[in-house]
Amino acid sequence: MKTLIKNAHIISPGLDVEGGAVLVEDGKFTQVYGAADALPAADETIDAAGQMLMPGFIDVHSHGAGGADACDGTVEALNTIADCKIKEGVTSWLATTLTLGYETLEKVQLSVAEYNKAPRSVKIPGTHLEGPYVCEKQLGAQNPAFRRDPDFEELKKLHAISPVLIITLAPELPGACDFIAKATALGVRCSAGHSLATYADFLAAKRSGLVHLTHFCNQMSPLHHRNIGLVGAGLVDSTVKVEAICDTVHLCPDMLKLAFSKIGCERLMMITDSLACSGLPDGPSQLGGLPIMVKNGEARLMSGNLAGSTLNYSLGIRNIQKITGLPLCEIVKTTSWNQAQSLGLTDRGKIAPGFAADFVLLGDDFLVTKTFVDGVCKFTR
């Protein structure tokens, strides 16, 4: 079946075409047309009415939404989260865990494997293990009862159930560099986070295979004039990919402007770090066994420390466009392309012939009106 989406403002890495069109067949883009190009016949034609058409977003760090958490360890929870993420324009999502015991993490892996037998909507190519190998002084909203040092055999068992694509750990922990080397050989991308690592620790970890930094500036060693830490590493290193929560709470507008100026759209990866309370009214909730309170859309521990976010992915793009003024064809690299390239998901993240037809239509307010996965509409507002 051929589907033509016409009269679209096509925005993809390095591409900005108003009045354009795309042809989809067998779940892939087969052609991209400019405003003056003759359009082919199709079995179905959708008039985008000038709306933005972007690659489907890839959220590599999100714990939950709609009252469900990936760590619930059930297909039902994953379905609930998928139903929420698809409305945000997310077409690929890494089910993200917390610092919890092996049995809980095993249940998550089993649920992801079961979900992928018959995916509801959003693609879940793997998981992101945030912890449990984190620094006890940088736990943030991670549960201290389950913090432990790196254990490669544990990771290997979890990865055998369902792919672990990212693991967040503190690179200064005992045995971390050996762990990073082994995890990298297994195909797991290692990310520094919840850490007090020095810049020297970062460099040693990078030599072992470290490729990401988790939620930039949050629960990581800060920039200091005698030790630039992980924040400084994110600013000066030329290859490491850097997660950013673009809700203007976890990173204030000025820091977001600095990050997009100095790190740039080639290395940043926009994330939500959303929690089960995302998409729900303000009120009490919980995260990994810890009570949290949501007020004015901000999720915090009872101590007042920030937990994750309640960010709608597409509104993060609106924030960045407003704060930085950067062209959307640059910003869009941080929403899909960088993630796809880093994770080896070479079939997605771009509007171009041969790529999976995972895409989203957005109005001028950046709210999603339609989301497509493999050319099939999975959500209409």
Side-chain angles (χ1 to χ4, degrees), residues 60-61 94 96-99 105 126-140 142 144 146-159 163-244 251 255 258-259 262-264 266-269 271 273 338-339 341-344:
V60 301
H61 189 153
L94 297 192
T96 306
T97 64
L98 295 157
T99 295
L105 299 179
T127 49
H128 176 166
L129 301 184
E130 187 180 10
Y133 318 131
V134 292
C135 173
E136 62 184 355
K137 294 182 179 179
Q138 289 283 64
L139 288 169
Q142 302 290 329
F146 299 103
R147 192 221 70 85
R148 47 200 183 271
D149 288 340
D151 181 344
F152 178 69
E153 291 304 313
E154 181 177 43
L155 172 65
K156 192 162 68 170
K157 286 191 290 184
L158 293 169
H159 184 73
V164 176
L165 294 189
I166 300 176
I167 184 165
T168 291
L169 75 159
E172 73 274 21
L173 293 178
C177 284
D178 181 61
F179 176 93
I180 290 168
K182 290 177 179 176
T184 300
L186 197 62
V188 180
R189 280 70 176 172
C190 293
S191 185
H194 290 276
S195 165
L196 283 175
T198 64
Y199 185 58
D201 292 329
F202 164 79
L203 292 175
K206 189 182 175 189
R207 288 192 293 269
S208 296
L210 186 86
V211 291
H212 287 179
L213 296 179
T214 297
H215 45 48
F216 189 55
C217 294
N218 287 272
Q219 298 302 325
M220 63 170 52
S221 44
L223 181 68
H224 188 274
H225 58 284
R226 286 191 290 272
N227 187 343
I228 66 172
L230 290 176
V231 172
L235 293 171
V236 304
D237 188 85
S238 62
T239 61
V240 69
K241 293 286 194 295
V242 181
E243 294 180 0
L251 296 171
M255 179 55 78
L258 177 64
K262 299 303 180 185
I263 300 173
E266 304 298 328
R267 292 197 292 119
L268 284 165
M269 299 188 299
I271 63 166
D273 195 7
N338 293 345
Q339 292 89 325
Q341 292 299 294
S342 181
L343 298 178

Side chain to side chain contact (heavy atoms under 4.5 Å, CB included) between V211 and V240, worked out: CA-CA 5 Å; V211 291; V240 69; 5.5 Å; no
Where [X] and [Y] come nearest, the two heavy atoms and their spacing:
| X | Y | answer |
| --- | --- | --- |
| T99 | G131 | OG1-CA, 3.6 Å |
| L169 | A176 | CD1-CB, 4.3 Å |
| Q219 | L139 | OE1-N, 4.0 Å |
| A233 | I228 | N-CD1, 4.1 Å |
| G193 | V134 | O-CG1, 4.3 Å |
| F152 | A183 | CE1-N, 3.7 Å |

Is the shortest heavy-atom distance from the side chain of [X] to the side chain of [Y] under 4.5 Å?
| X | Y | result |
| --- | --- | --- |
| L213 | F202 | yes |
| L230 | L223 | no |
| E243 | F216 | no |
| Y199 | V236 | yes |
| I167 | Y133 | yes |
| N218 | D273 | no |
| I180 | T184 | yes |
| E130 | H194 | yes |

Any donor-acceptor N/O pair, [X] side chain to [Y] backbone, under 3.5 Å:
| X | Y | result |
| --- | --- | --- |
| S221 | A197 | yes |
| R148 | F146 | yes |
| N338 | L268 | yes |

Pairwise distance [atom1]([X]) to [atom2]([Y]) - rounded to 0.5 angstrom:
| X | Y | atom1 | atom2 | result |
| --- | --- | --- | --- | --- |
| L196 | K137 | CG | NZ | 7.5 Å |
| K241 | I263 | NZ | CD1 | 12.0 Å |
| L158 | T127 | CG | OG1 | 7.5 Å |
| H128 | L343 | NE2 | CG | 10.0 Å |
| L165 | Q339 | CG | CD | 12.5 Å |
| D149 | L173 | CG | CG | 5.5 Å |

Give every residue pair that meets the side-chain hydrogen bond (donor to acceptor under 3.5 Å, both in side chains) criterion with at least one member in residues 202-214, sequence neighbours excluded. T168-T214, S191-T214, K206-D237, K206-T239, H212-S342
Below 30° counts as parallel, above 60° as perpendicular, anything between as tilted: where do the rings of H61 and H215 land? tilted
Those residues that, when tested against R189, pass salt bridge (Lys or Arg N to Asp or Glu O under 4.0 Å) (two or more places apart): none
For V188 and I166, run side chain to side chain contact (heavy atoms under 4.5 Å, CB included): C-alpha distance rounded to whole Å, both residues' side-chain angles, the deciding distance at 0.1 Å, then the answer. CA-CA 5 Å; V188 180; I166 300 176; 5.8 Å; no
Compute whether any side-chain donor of one residue and acceptor of the other, for E172 and S195, lie under 3.5 angstrom apart.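 Indeed, the side chains of E172 and S195 share at least one donor-acceptor pair under 3.5 Å.
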Salt bridge or not between K157 and E154? Use side-chain N to carboxylate O under 4.0 Å. no
